[in-house]
Amino acid sequence: MPPTHWQKSSYCADSSNCLNVALFPDAAIRIRESETPNSVVTTDRPQFGLLVDAINSGSLSGP
């Protein structure tokens, strides 16, 4: 199996606390935080698209 190609957010810059996303051959999308790389959330493209849309629209509120 080829190594996983994790991509970090372009908003991350040089920070060590970044969001990483990877697309796997089974079409699953996996998301992790760079500070805790062993904790991975798995989703599919439609659900990931809904998450990105919610983030972009500002409909998710932070703590």
Side-chain angles (χ1 to χ4, degrees):
M1 177 183 277
T4 302
H5 177 71
W6 290 97
Q7 296 180 320
K8 72 177 183 176
S9 168
S10 60
Y11 291 98
C12 185
D14 292 328
S15 173
S16 64
N17 187 15
C18 302
L19 182 66
N20 305 131
V21 177
L23 177 62
F24 280 69
D26 62 358
I29 295 177
R30 293 185 172 87
I31 308 164
R32 70 179 187 184
E33 213 175 326
S34 58
E35 287 188 340
T36 54
N38 293 327
S39 296
V40 178
V41 173
T42 302
T43 190
D44 59 20
R45 285 179 183 230
Q47 293 300 313
F48 184 72
L50 290 173
L51 173 64
V52 171
D53 289 345
I55 292 168
N56 287 334
S57 72
S59 63
L60 296 179
S61 59

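These values consider heavy atoms only, across backbone and side chains, with no hydrogens, waters or symmetry-generated copies.
Nearest heavy atoms, Trp6 versus Arg30: CZ3-O, 3.3 Å. Of all heavy-atom pairs spanning Ala28 and Thr42, the tightest one is CB-CG2, 3.8 Å. Considering all non-hydrogen atoms of both residues, Ala22 and Thr4 come closest at CB-CG2, 3.7 Å. Counting all heavy atoms, side chain and backbone alike, Asn20 lies closest to Lys8 at ND2-CB, 3.3 Å.
Cluster membership for Ile31 and Leu50, using ILVMFWY side-chain heavy atoms within less than 4.5 angstrom, is not shared. Under a hydrophobic clustering in which Ile, Leu, Val, Met, Phe, Trp and Tyr are joined whenever their side-chain heavy atoms come within less than 4.5 Å, directly or via other members, Phe24 and Val40 fall into different clusters.
With a 4.5 Å cut-off on side-chain heavy atoms, Arg45 and Leu23 count as touching.
Interatomic distance, CG of Asn56 versus CG of Leu51, reported as 9.5 Å (0.5 Å rounding).
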